[in-house]
Amino acid sequence: MWRRLESFGLGLLGLVSPVLVLCIWELASRLGWTNPVLLPSPSQIVESLFALLASGAIASPLAHTVGLFAVGYLLAVLIGTGLGIAMATSRTLYGLLEPLVEIVRPIPKPALVPVLFLFLGIGKATMITLVVLASVFPVLISTYQGVRALDPVLLETARTFQVSRTRMIVSVILPASLPMILAGMRVALGIGLVLVILAEMLAGEDGIGFRILDLERSFQTRDMFAWIVVLVAMGGALTKLFDIAERSLVPWRGRN
């Protein structure tokens with residue numbers, strides 16, 4: 001009971017700073033301290049947001065962005081987890097792939113956009129590839145570290161019972177290293193969302209990123225900020241869904 005009340009109190013406390021910023025912003029707008037063309041007031045942004053929701057124009061761009069993100073993120077998770085386990089369990093693969101990983105990983109992924117344009121053209125393939133390249137490395141590194149940190153006794157016990165390599169990975173390595181894998185997936189979630197918006201701005205014809213940039217170019221700042229609010233809500237919803245999935249997969253995390 002007390003823990004629930006404490007959690008509720010902390011949740012309310014966390015709302016203080018955003019509400020305070022919004023109040024100061026609204027007050028500054030009403031006093032004429034800001035340029036309404038460049039920085040509309042929160043109340044004006046809310047009006048534009050309600051108009052956007054009422055028109056139904058939010059559906060297509062939102063579906064476009066979520067679709068691109070889902071495909072790129074899931075591919076990154078599969079590739080990162082697979083390569084991480086392979087590199088952690090095979091010295092040969094580690095020696096073969098580690099230099100390539102360390103060469104590509106530090107490169108700012110937006111710098112690869114011109115190269116992707118040359119080979120893949122301007123379209124969904126380029127955008128998905130950009131999300132994959134940005135999101136795969138946190139998952140790969142966390143998976144590798146999680147597998148390498150496993151208790152050797154656990155692995156030796158599985159070998160003693162002559163467990164096959166495939167079954168050892170599925171039944172022993174993956175469950176034991178899942179907390180680290182999920183940590184990498186959480187980092188990749190934020191990075192992937194940033195890159196899918198950037199990809200839509202650079203190479204898209206639809207989506208939230210494309211709409212934000214298009215509205216900025218036409219100085220429709222109220223609608224632009226309304227789409228930014230939609231993006232914030234989308235990010236918050238994805239994070240909440242990830243938290244729910246993480247508690248379901250690793251229920252012991254966060255318990256005292």
Side-chain angles (χ1 to χ4, degrees), residues 62-89 93-94 97-113 115-116 120 124-150 169-170 173-204 207-209 212 228 230-251 253-254:
L62 183 60
H64 185 275
T65 301
V66 171
L68 287 178
F69 171 78
V71 173
Y73 181 72
L74 291 176
L75 285 174
V77 169
L78 292 175
I79 295 170
T81 304
L83 288 179
I85 293 174
M87 291 174 65
T89 56
L93 285 176
Y94 178 81
L97 297 176
E98 194 270 342
L100 181 62
V101 170
E102 291 304 317
I103 289 172
V104 179
R105 182 175 63 87
I107 299 175
K109 301 310 175 286
L112 298 175
V113 171
V115 179
L116 295 177
L120 300 177
K124 292 183 179 179
T126 295
M127 292 186 279
I128 291 173
T129 303
L130 187 61
V131 175
V132 171
L133 288 174
S135 304
V136 71
F137 291 105
V139 180
L140 190 157
I141 293 170
S142 294
T143 302
Y144 173 81
Q145 292 177 343
V147 176
R148 294 294 294 176
L150 293 181
I169 291 174
V170 174
I173 293 177
L174 267 176
S177 57
L178 188 57
M180 283 294 294
I181 296 174
L182 289 171
M185 289 173 60
R186 179 180 289 277
V187 175
L189 184 73
I191 296 175
L193 185 58
V194 171
L195 265 295
V196 75
I197 297 300
L198 178 62
E200 288 178 338
M201 289 181 174
L202 296 175
I208 296 177
I212 290 174
I228 292 175
V230 173
L231 178 59
V232 171
M234 172 185 162
L238 290 174
T239 302
K240 188 64 177 178
L241 288 174
F242 188 89
D243 289 339
I244 294 172
E246 186 176 25
R247 285 197 298 268
S248 176
L249 293 170
V250 193
R253 296 196 71 181

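For clarity, every value in this text was computed on a predicted model and none was experimentally measured.
Residues Ser135 and Pro138 approach most closely at O-CD, 3.3 Å, considering heavy atoms. Closest approach of Val101 to Pro106, counting heavy atoms only: O-CD, 4.4 Å. Listed here is the closest heavy atom pair of Leu120 and Ala125: CD1-O, 3.9 Å. Looking at every heavy atom in both residues, Phe69 comes nearest to Leu193 through CE1-N, 3.5 Å. Here the closest heavy-atom approach between residue Met180 and residue Ser142 is recorded as O-CB, 3.2 Å. Here the closest heavy-atom approach between residue Ala199 and residue Leu130 is recorded as CB-CD2, 3.8 Å.
Atoms CG and CD, on Leu182 and Glu246 in that order, are 5.0 Å from each other to the nearest 0.5 Å. Atom CG of Leu133 and atom CD1 of Ile128 lie 12.0 Å apart (nearest 0.5 Å).
The shortest side-chain heavy-atom distance between Met87 and Arg148 does not fall under the 4.5 Å cut-off. Between Arg105 and Ile141 there is a side-chain heavy-atom pair separated by less than 4.5 Å. At a threshold of 4.5 Å between non-hydrogen side-chain atoms, the residues Leu174 and Ile85 count as touching. Proximity of Glu98 to Tyr144: side-chain heavy atoms (C-beta onward) are nowhere separated by under 4.5 Å.
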All N/O donor-acceptor pairs, side-chain side in residues 232-244, below 3.5 Å, sequence neighbours left out:
unit_1 : atom_1 : unit_2 : atom_2 : d
Thr239 : OG1    : Gly235 : O      : 2.9
Asp243 : OD1    : Arg186 : NH1    : 3.1
Asp243 : OD1    : Arg186 : NH2    : 2.5

Output a table of donor-acceptor pairs, distance under 3.5 Å, between side-chain atoms of residues 73-84 and any protein atom two or more places apart or on a different chain; print 'none' if there are none.
unit_1 : atom_1 : unit_2 : atom_2 : d
Tyr73  : OH     : Met185 : O      : 2.8
Thr81  : OG1    : Val77  : O      : 2.7

For side chain to side chain contact (heavy atoms under 4.5 Å, CB included), just list the numbers for Leu195 and Leu198, CA-CA rounded to whole Å, side-chain angles, deciding distance to a tenth of an Å, and then say yes or no. CA-CA 5 Å; Leu195 265 295; Leu198 178 62; 4.0 Å; yes
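Residues that satisfy the side chain to side chain donor-acceptor pair (under 3.5 Å) test with Thr65, not counting sequence neighbours, are Glu200.
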